[in-house]
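Everything numeric in this text was worked out from a predicted model, so none of it was measured.
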Amino acid sequence: MAEETNPMKDIEEKWKKYWEEEGIYKFNQKTRKKIYSVDTPPPTVSGRMHIGHAFSYSQSDFIVRFKRMMGNEVFYPFGTDDNGLPTERLVEKSKGVHAKDMPRKEFIKLCMEFLKEEIPKFIQDWKNIGISCDWNMKYSTIDDNSRKVAQWSFLDLYKKNRMYRKDAPAMWCPECRTGVAQVEVQDKEIDSFFNDILFKTGKEDLKIATTRPELLPACVAVFYHPEDKRYKKYQGKKAKVPLMDFEVPILEDKRVDMKKGTGIVMCCTFGDQTDMEWQKAYNLPIKIAISENGEMLPIAGKYKGMKIKEARKEIIKDLKEAGLLTNQTPIKHFVNVHERCGTEIEFVKSKQWFVKYLDLKEDLLKWGAELNWHPLFMKNRYDNWVKGLQWDWLISNQRYFGVPFPVWYCEKCGEVILAKESQLPVDPIKDKPPVSKCPKCKSEKIIPETDILNTWFTSSMSPKLAVENVKDEETKKKLFPMSLRPQAHEIISFWLFNTVVKSRLHFKKNPWKDVAISGFVTMKGEKMSKSKGNVISPQEVMEKFGADALRYWAASSKLGEDFDYQEKDLVTGKKLITKLINASRFIFMNLKDYKGEKPKKLEATDELFLNELNKLIEGVTEDFENYEYSLAKQKVDQFFWRDFCDNYLEIVKKRVYNGKGNEKISAQYALYNSLLTILKLFAPIIPFITEEIYQNNFKTFEKTKSIHICEWPKYQKKKKIDENEWNLMLEVISKIRQEKSNAKKPMNAQIILTITKEDNSSLKLFLEDLKSVANASEIKEGSFNVKFVE
RNA sequence: GGUCCAUUAGUCUAUCGGCUAGAACACCUCGUUUACACCGAGGAAGGAGAGGUUCGACUCCUCUAUGGACCACCA
């Protein structure tokens with residue numbers, strides 16, 4: 001790429017400013033119009049907008065802009081998700097601090113200050129790509145209103161018996177020191193060893209294969225499969241746990257895989273889910289070897305205080321020395337890790353709050369089916385997720401920066417004391433509980449809950465969060481359920497699912513009518529990710545090609561389809577913009593004396609062309625209605641290049657240069673209106689350049705403040721025109737050009753044209769224009785022939 | 001292991017069962033014509049494999065192969 005300057009930059013700046021100042025996308029609360037409302041998932045504040053955001057948010061914006069031009073009052077707020085663990089990690093990283101090393105208050109203050117500074121920069125990227133939100137309807141999932149809504153949600157669910165607190169094993173991240181929900185856990189393949197370890201039994205030694213020797217101190221039993229003949233003889237016997245000073249029973253259970261390892265497995269409390277099932281089923285003792293910090297507990301004897309990996313190393317060393325380690329097989333296997341930090345998940349017994357929903361699986365499937373999915377196959381993701389749910393929703397995090405639980409406890413009897421609704425938003429650490437004594441035991445010792453609500457608990461309220469900014473009660477009612485939820489497919493199990501859950505539990509209604517799911521941007525077929533190092537920054541793309549080109553690129557792929565990033569697609573977008581500028585320049589050069597009048601009678605060719613345009617409107621409107629913006633784009637694109645620039649403009653060129661009276665006015669009228677229509681049809685996709693051309697040329701006639709609030713072109717049912725005439729015209733022109741090209745003559749070479757009797761009669765109304773575009777001195781009748789005039 | 005999506009020119013993508021398969025980029029040939037060389041005209045180039053349904057299949061079904069994603073399991 002030779003040239004790096006982007007002429008669109010100033011244009012983009014100018015209109016961005018204009019749109020905000022003029023409130024072009026402002027939501028009118030007193031509206032009488034039909035409302036189209038959009039619940040955009042607030043992006044997590046974590047660095048900068050990535051290309052996937054640009055892709056997905058652009059796609060929603062196409063639809064929104066179309067709906068706005070169609071005459072809907074659009075409610076399109078924008079939020080940022082900026083609380084909880086992700087924000088904490090970002091702050092820790094950017095500021096080089098650790099939350100655990102500083103007072104809670106100070107860390108929270110630091111987070112708030114950081115956000116105040118970062119959020120405007122973060123949001124700027126969305127403004128830069130031309131997202132047509134009402135930026136006055138901005139919310140943050142940590143602002144007072146969001147705290148209030150989240151805490152209200154907690155209280156409401158509590159009252160509906162959907163909230164419970166349990167001291168039980170839960171998934172736990174030793175790095176972040178917090179409980180984690182099923183949705184926050186990911187797979188990661190790691191290198192490990194199968195260690196064959198000897199357990200003494202009094203008879204032959206038992207060889208047990210394990211990847212986690214550090215859990216030996218928590219071993220409570222060993223299992224074999226009931227049909228495994230090798231081990232039948234051990235039934236009812238005991239085995240001595242190596243290095244440890246205790247014995248465990250040898251039991252049989254069907255859940256053992258005979259083919260895996262040595263066919264014998266050790267069961268350690270909380271080793272994994274099966275271990276927990278066994279603990280319950282056989283009423284085994286509970287032994288906890290790992291602390292919440294990921295350190296070995298006193299039960300581990302000499303390994304106490306060591307980190308998990310350190311302990312593993314030491315134990316292996318000691319086993320080797322004692323001759324109890326017979327073999328080590330290197331393996332690769334998948335483990336569960338915390339998605340925020342990549343640390344392996346442990347099961348730790350701790351007190352956590354849960355939303356009860358496992359009992360609702362069937363309802364959840366039903367509710368999901370009530371949404372209009374675009375595309376439909378994405379519903380499978382939702383169903384799949386619901387069917388695979390194994391835990392209730394863990395919503396408490398043992399962290400600092402987030403929405404506090406509106407809860408205190410009686411220290412003596414443990415009674416839960418809820419905040420009053422009128423108190424919200426509340427911080428139990430700072431604020432007083434609504435009662436001075438425990439209502440149950442009358443103790444005066446009341447302590448606050450120090451955990452915070454997981455960030456999804458708040459962001460799943462997004463349809464409510466922004467609506468609170470609307471004051472008009474009548475309008476507010478119309479904003480729920482929302483019309484559309486646009487989002488990418490990887491967060492179906494997060495936001496979409498959680499939001500449906502919340503909405504149904506609180507209001508017994510789905511949060512939205514339609515959902516539109518975007519695909520991924522891929523790089524040579526693979527998902528882009530930082531770890532793979534194949535990330536493209538949208539900021540750089542915009543710098544080079546401009547926002548419209550980026551959006552044009554995002555419009556190339558259908559909803560739900562992954563799209564492979566290739567720079568050439570941006571080049572195509574940029575070219576289109578240039579072409580639009582040039583075509584407009586040409587047209588308005590020839591419209592200087594045009595006052596907007598209608599011709600007395602449209603010339604036949606102009607009428608024919610406008611009829612084609614009319615058909616285009618019909619198709620494009622239908623495509624946008626179906627959320628098929630990529631088909632719409634393709635149609636307008638093709639029409640603009642082929643029908644309009646390459647043919648129609650060439651056909652009428654001379655008529656507007658040299659024509660007189662009605663024949664000229666007819667062409668001018670057609671040019672004015674077709675360009676305006678094309679711009680409008682392009683406007684949802686490339687808002688900047690269409691606005692630029694509109695403002696510079698059309699606004700004096702059209703009056704509307706911005707093309708983006710102009711009326712969408714209407715399809716008009718017209719009297720029948722033979723539709724094949726236009727195509728026939730193009731066909732004949734193409735054949736003439738082919739002849740010229742074959743003869744290596746310039747396109748304006750003068751010719752004598754002969755066309756068939758049939759064509760001649762079909763095109764009889766257009767012969768003058770045909771002569772003009774072909775530069776034919778005369779048109780004869782006969783078999784097709786192009787004769788060059790020297 | 002379960003589920004879903006994909007497989008069309010060199011590349012990326014389009015196509016309600018009628019296809020002579022349509023664009024774009026790259027490639028080749030030609031053309032500076034008073035909007036545009038970031039252009040125009042023309043050209044070469046394509047349906048993963050095997051079955052089936054059908055008058056007719058790129059399109060629908062089954063299987064295979066390859067790629068991708070989501071979910072689950074993982075001693």
Given A:Ile517, A:Leu559, A:Leu496, the one that forms side chain to side chain contact (heavy atoms under 4.5 Å, CB included) with A:Met378: A:Ile517

Proximal nucleotide (of B:C12, B:C39, B:G22) relative to the A:Trp641 side chain: B:C39

Can you tell me how far C1' in B:A45 sits from the matching atom in B:C25, rounded to whole Å? 14 Å

Within 45° of the ring axis of A:Phe334 and under 6.0 Å from its six-membered ring centre, is that where the NZ or CZ of A:Lys188 lies? no

Report which part of the nucleic acid A:Thr274 touches: base, sugar-phosphate, or nothing (heavy-atom distance under 4.0 Å, all strands). sugar-phosphate

For the side chain of A:Glu650, starting at C-beta, report the closest nucleotide among B:C36, B:C25, B:U29. B:C36

Check the surroundings of atom CG in A:Asp593: do more than 12 heavy atoms from other residues, nucleotides or ligands lie under 6.0 Å from it? yes

With a 4.0 Å cutoff (strictly under), does any side-chain N or O of A:Gln566 reach OP1 or OP2 of B:A26? no

By the 4.0 Å heavy-atom rule, please label A:Phe377 as base, sugar-phosphate, or nothing. sugar-phosphate

From the candidates B:A35, B:A75, B:C73, the one with an atom nearest any side-chain atom of A:Ala583 is B:A35

Measuring only the P atom in each nucleotide, how far is B:G47 from B:G22? A whole number of Å is fine. 13 Å

With salt bridge (charged side-chain N to carboxylate O under 4.0 Å, His left out) as the criterion, how do A:Lys544 and A:Glu567 come out once you've worked through the C-alpha distance, each side chain's angles and the decisive distance to 0.1 Å? CA-CA 10 Å; A:Lys544 202 161 164 188; A:Glu567 194 169 282; 3.4 Å; yes

B:G22 phosphate, OP1 or OP2: any side-chain N/O from A:Gln638 under 4.0 angstrom? no

Under 6.0 Å between ring centres: does that hold for A:Phe682 and A:Tyr552? no

Just the rounded figure in Å: distance from C1' of B:C12 to OH of A:Tyr552. 13 Å

Compare the ring of A:Tyr657 with the six-membered ring in the base of B:U34 and state whether they stack (centres under 5.5 Å, planes under 30°). yes

Checking all strands, does A:Asp637 fall into the base, sugar-phosphate, or nothing category for heavy-atom contacts under 4.0 angstrom? nothing

Between B:C73, B:U15, B:A72, which nucleotide gets closest to the side-chain atoms of A:Phe334? B:C73

Base, sugar-phosphate, or nothing for A:Thr578, non-hydrogen atoms under 4.0 angstrom? base

Step through the shown structure and confirm whether more than 12 heavy atoms of other residues, nucleotides or ligands are within 6.0 Å of NZ on A:Lys9. no

For B:C36 versus B:U20, give the span between their C1' atoms, rounded off to a whole number of Å. 33 Å

When the distance from CD of A:Gln634 to C1' of B:A24 is rounded to whole Å, what number comes out? 10 Å

Could you check whether A:Ser584 gets within reach of a base, just the sugar-phosphate, or nothing at all, counting any heavy atom under 4.0 Å? nothing

Of the options B:U13, B:A41, B:G22, whose atoms approach the side-chain atoms of A:Ser741 most closely? B:A41

Ring-ring centroid check A:Phe55 A:Trp553, cutoff 6.0 Å: yes

P gap between B:C58 and B:G17, integer Å: 13 Å

d(CG, A:Asn336; C1', B:A75) in whole Å: 14 Å

Is A:Met747 touching bases, backbone alone, or none of the nucleic acid, heavy atoms closer than 4.0 Å? base

Do any side-chain nitrogens or oxygens of A:Lys558 fall under 4.0 Å of OP1 or OP2 in B:U15? yes

Residue mapping more 5' on RNA chain B - nearest nucleotide basis, A:Asp646 or A:Asn380: A:Asn380

How far, in whole Å, is B:C70 from B:A37 if one measures between their P atoms? 46 Å

Which whole number of Å gives the distance between the P atom of B:A41 and that of B:U15? 25 Å

Using a heavy-atom cut-off of 4.0 Å across all strands, would you classify A:Asn384 as base, sugar-phosphate, or nothing? base

Taking CD1 from A:Ile190 and P from B:C74, how many angstroms apart are they, rounded to a whole number? 14 Å

Rounding to an integer number of angstrom, what distance separates B:U59 and B:A48 when you compare their C1' atoms? 16 Å

Whole-Å distance between B:U11 P and A:Trp553 CH2? 20 Å

Can you confirm whether or not the ring centre of A:Phe698 sits under 6.0 Å from the ring centre of A:Phe588? yes

Please say whether more than 12 non-hydrogen atoms of neighbouring residues, nucleotides or ligands are located less than 6.0 Å from NZ in A:Lys207. no

Spell out yes or no: do the side chain of A:Lys574 and the base of B:C38 have one donor N/O and one acceptor N/O closer than 3.5 Å? no

Mind checking A:Cys645 for me? I need base, sugar-phosphate or nothing, with any heavy atom below 4.0 Å counting as a touch. base

Mind checking A:Phe223 for me? I need base, sugar-phosphate or nothing, with any heavy atom below 4.0 Å counting as a touch. nothing

Quick note, A:Asp187 side chain, CB onward, closest among B:A35, B:U3, B:C74 is B:C74

First encountered from the 5' end of RNA chain B, between A:Thr210 and A:Lys740: A:Lys740

In whole angstroms, the gap separating C1' of B:U29 from NZ of A:Lys745 amounts to 17 Å

In whole angstrom, give the distance that lies between atom CZ of A:Phe586 and atom P of B:U33. 16 Å

A:Phe520 side-chain proximity, nearest of B:U34, B:A69, B:C12: B:A69

Give a yes/no answer on whether the side chain of A:Lys575 brings an N or O atom under 4.0 Å of OP1 or OP2 in B:C25. yes

Between B:U15 (C1') and A:Asp623 (CG): distance, integer Å: 12 Å

As a test of reading the structure: which of B:U29, B:U13, B:A75 is closest to the side chain of A:Phe563, going by heavy atoms? B:U13

Candidates B:A69, B:A24, B:C74 - which lies nearest the side chain of A:Lys568: B:A24

Residue-phosphate contact under 4.0 Å: A:Gln738 side-chain N/O, B:G43 OP1/OP2: yes

Picking from B:A72, B:A75, B:C70, the nucleotide nearest the side-chain atoms of A:Gln182 would be B:A72

Base, sugar-phosphate, or nothing for A:Ser493, non-hydrogen atoms under 4.0 angstrom? sugar-phosphate

When the P atoms of B:C5 and B:G56 are considered, how many whole Å apart are they? 28 Å

For A:Met378, report the nucleic acid contact type (base, sugar-phosphate, nothing); a contact means any heavy atom under 4.0 Å. nothing

